[in-house]
Every structure is written in structure tokens, then in C-alpha cells.
Amino acid sequence: MTEDHLSCRCPHCEWNLDTLAPIEGATWFWRSIRTRDHRAGFRSDRLLASGVPGRPWVYALLVALSVVLVAVPVTALLAAVWLLIVGPVAIGLLLLLVAYAVRPRLGRVKKVLKGHYRLDSDRAPVLHALIGRVASAVDAPRPDIVAIDPGSWGAETDVAGIRQRRILLLGIPLLASIDRGEFVALLGHEVGHFANRDSRRRLLTWPARVTFGHISRALKPSRVSGVERDLLGLQLIVFELWRMISGLLSWLSFAVHTVIRTAAARDDRHAEQRADLLAVRAAGRASTLGLFDATAAFPLYRGAISGATRKGYAMTEWRARIAQNRSRNDEGRTAVLRQLTMRTEASLFASHPSTGRRHQFVSTLPNSHAAVRVTDAEWATIVREVAPYAETLRNELAEQYEM
Ligand SMILES: [Zn+2]
């Protein structure tokens, strides 16, 4: 059974929209958690779309917790240096190891760019010029690095390395699915994250977001019992006791981790909404809504991106196929697709509000015009500048097909 047979399909009715299709083969426990998360995520998304402001104290709490958690490796490092000087050296080395294991990580540019293609301004001058124009329209800093992630249906930003370089990643299937105005909206949203310093927000809350997860994993008790290990007497008792205590602590850490993750994800969803406001500033309301409609209809275009395309014409043919597909979707069908995302994408752990809710929120904003316009010639050049990466994807898909 497909998802869209389960609820009322009239676009304005939300009856039964917070019910998901049953997950085949899942345990009762997992199913009930998934259902609860889903309903709560649905409610949270609905509140967000109605313009309810975020909770600044949650963010402040996450930062405070992170400061405490960063103090652990700092203290360990200082103690390690002290012990290496005055001894005992062995404990100093051990503490050094602890400090290294729990050190705060700034991410690495190389790691972010792995499997992606850097697209510098000498190879794509018109694309870079447009990104610059959008950035100044929304008062955002420009990305330091623009790269193509050939297989991605999305776009993302990241800030990595000691120099905290701003990176913008663009996916080819996404670029093949949108028009120029929607591309401006996309760029407005992405550089909007730079303007809003969302990476710094994430960085400052990162220790809180991951530490308890790491602790939970580290304390996960062994699956093999003491009896199975042929332990006897006191050894067996101590081993089983430790297995029980560490299991309990692991569960507790996991519970704390889950609470923190839902709070942080909520903060992320608000950040997405703030970035959407900058998309509207750059591209106007209509194009921003168009971008959401394109995203909601992705499942319909998936087949259009294939290896069965003439060599050298991947981008042109994909764009033509998807444009044709999009023109067949009237407002009614598009509204149903948007509505479907409200159900399938809702979760307390989701970093983004569902596409349908983002559409709903932007629809409530006053109509506005685009600050950045793209001429026919500019758009044609930009499509040409990214076309070689569509060929890369085409070749990959064709190879998979032949295998
Ligand atoms: Zn975003």
C-alpha cells in the first residue's frame, strides 16, 4: 500500500494526515516509538508553520551544556601536561589519550568535499557571479568553496576546518529540476544559513549533540554473557554486574541523548525557516514556493534522471523531461504531493520542517518581488557550466545499468 492511500486527499483537509503506513516487519516497540515520534513531529511542524517563535532558552541551555562538556577534554589536557612534567607519566599519557578522544572537532574541508567536485570561479564565472549577487541581496557572506555533489537531490552548506571555510554543495538532479527563479531561491536559502551563522550555532551546540550518544555507545554491554564466556564464581558475578550497570548507564545516556537531539532538531527546523525568509528576499515569494513544489514532486522525476541519455546531452535532456513532467502537474496534484510530505517527513528528529509546511509558512508571508533576476543568457550559461557534472552522473548511472 502506498502512503497516499491512507488519508483524505483533499488538499486543505488534514484528516488522518499524521498517520503513517505501518512499517513491515518492525517490532511492536519500534513501531510504537515511530508512531509517537511521527505524531509529535507532525504537531511540531504545524506549530512552526503557524509562525510560533523558537525557544531561545533551549539554545542557551545546549550551549551551556556544551561548554561544560568541552571543559572535560580541556581539563584532561591540562592535567595530562602537568602529569607529564611531574609524573606519573603513564597517567599523563592516559589523560592525553582521553583529551584526544573527546576533543572538539571543527570538521575538515577535505572530508566535506570527498566524492564531490570543486567548481571554482574560473570554470564557472557566471554561476559564481550569481551566487555573489544573491549573497549581497540577503547580506550574506559568499561561500569560499562551491562544489558539485553529482548524485544529490539537494543542496547544503557546511563550514569546516580551522579557518572555518564556508562550503556550498549543489546536487545535479536538483539543478535539473528547477527554473532560474527557483535557483535564486535555493541560493538565497543556502547563503542565508551563512548570514544567520547557523553553522556556528551548530558548532557551539555540537558537544551537547553528540557526547551522550558516544557515551551510550561506549557503555553498550557485551552481547555475550558471562556464562557463554565460561566464567565462574566471583568472576561471573562481577562480569554480569558490570554488564547490568553499563547497560543501565548506556540506556540512560541514550535517553539524555534523545532528549537533546529532539531539542537541537527543533532549533535546526527554526533555522531552516529563517533561511527560507532570506530565500523569499532574494527570489520573491512565488519562486520560493515554486522551489518547494519542485522538491515535493521529486518522487515523480526520479525516473527522468537516468543513464539512458545521449552522451553529452544529459543536463539538456533531463531538464526537458522534468520540465515536461512538471507542466503536467496542475495545482491540485501539486497540493496533494505537498500534503504527502507533511506526513512522510514529519519527525521530532528531522533537521528540516516538511516541504509542505515550509510551503504553508511562506504562503502566509506578504507577496514580494525578487531582488535578484537572472537573464536568459545568464541562465543558459549557468546550465552549461554545470552540465559536465551531469555527464559524470550519467556515466555512473549508465555503468550501474550495464552491471
Ligand atoms: Zn537549509
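Just so you know, ligand 1 is whichever comes first in the structure, and atom 1 is the first atom listed for that ligand.
Salt-bridge formation is not detected for the pair Arg123/Glu385: no Lys NZ or Arg NE/NH1/NH2 atom is positioned less than 4.0 Å from an Asp or Glu carboxylate oxygen. Using a 4.0 Å cut-off between charged nitrogen and carboxylate oxygen, Arg326 and Glu182 count as a salt-bridge pair.
Judged by distance alone, with hydrogens and angles left aside, the side-chain atoms of Thr375 form a donor-acceptor pair with the main-chain N or O of Glu378 at under 3.5 Å. Checking side-chain atoms of Thr341 against main-chain N and O of Gly356 turns up a donor-acceptor pair under 3.5 Å.
The Zn ion (ligand 1) has no N, O or S atom of His352 inside 2.8 Å of it.
Closest N/O/S atom of Glu272 to the Zn ion (ligand 1): OE1.
Geometry about the Zn ion (ligand 1) gives an angle of 100° between NE2 of His193 and NE2 of His189, rounded in steps of 10 degrees.
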